[in-house]
Amino acid sequence: MTTSDMVRELCEKQNISIAGLCRRIGQTPQNFNKKLKRGTVSFEEMMEIAEALGVEYEQVFVLPDGSAIKMGRN
């Protein structure tokens with residue numbers, strides 16, 4: 001699943017449009033849609049999206065032994 005797919009599915013599940021999300025994170029729909037198409041939404045922007053929609057977002061490396069290295073709120 002791409003970042004774009006994730007954001008679109010999240011918006012659908014949270015019953016908010018992409019334009020509505022953009023208003024909440026202070027970006028124009030035109031600029032944000034370009035980022036979605038290019039796949040250049042940053043980790044920081046994903047965290048902003050999560051905060052704006054009241055969900056959690058994590059980036060994780062899972063090692064073979066099952067331990068994890070993750071970004072996000074500590």
Side-chain angles (χ1 to χ4, degrees):
M1 179 176 279
T2 67
T3 300
S4 177
D5 295 334
M6 289 175 62
V7 170
R8 291 180 195 284
E9 184 174 338
L10 175 61
C11 286
E12 186 176 307
K13 288 182 184 254
Q14 295 292 96
N15 199 29
I16 186 171
S17 66
I18 295 291
L21 172 63
C22 291
R23 282 190 291 278
R24 290 187 186 193
I25 63 171
Q27 292 198 35
T28 64
Q30 296 83 359
N31 182 54
F32 191 69
N33 277 312
K34 285 179 186 177
K35 289 180 181 186
L36 287 175
K37 282 184 179 181
R38 290 189 307 251
T40 59
V41 179
S42 70
F43 175 78
E44 289 78 16
E45 289 169 319
M46 293 297 279
M47 294 298 289
E48 287 177 22
I49 291 167
E51 186 174 330
L53 297 182
V55 299
E56 291 187 34
Y57 176 76
E58 298 177 349
Q59 259 183 319
V60 180
F61 287 113
V62 180
L63 285 69
D65 68 0
S67 62
I69 302 169
K70 67 180 177 177
M71 295 179 68
R73 296 186 180 135
N74 295 325

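Side-chain atoms are counted along with the backbone in the values below, which use heavy atoms only and exclude waters and symmetry mates.
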Exercise. Does anything in residues 13-42 pair up under salt bridge (charged side-chain N to carboxylate O under 4.0 Å, His left out), and if so which pairs, sequence neighbours excluded?
Worked result: Glu9-Lys13, Lys35-Glu45
For this session: Please confirm whether the backbone N or O of Leu53 pairs with a side-chain atom of Gln14, one donor and one acceptor, at under 3.5 Å?
Result: yes
Contacts of [X] that satisfy side chain to side chain contact (heavy atoms under 4.5 Å, CB included) - sequence neighbours left out:
X: Asn15; answer: none
X: Cys11; answer: Val7, Ile16, Ile18, Leu21
X: Val60; answer: Glu58, Val62, Ala68, Lys70

Quick one: pull up [atom1] in [X] and [atom2] in [Y] and give me the separation to the nearest 0.5 Å.
X: Asp5; Y: Leu36; atom1: CG; atom2: CG; value: 9.5 Å
X: Cys22; Y: Asn31; atom1: SG; atom2: CG; value: 8.5 Å
X: Ile25; Y: Met47; atom1: CD1; atom2: CE; value: 13.5 Å

Problem set entry | Under the side-chain hydrogen bond (donor to acceptor under 3.5 Å, both in side chains) test, residues paired with Thr40 that sit two or more places apart | none
Exercise. Listed by chain and number, what are the side-chain hydrogen bond (donor to acceptor under 3.5 Å, both in side chains) partners of Arg8, not counting sequence neighbours?
Worked result: Ser4
For this session: Check step by step if side-chain contact (heavy atoms from CB on, under 4.5 Å) holds for Ile49 and Phe32.
Result: CA-CA 11 Å; Ile49 291 167; Phe32 191 69; 3.6 Å; yes
Problem set entry | Cluster overlap Tyr57 with Ile69, hydrophobic side-chain contacts below 4.5 Å | no
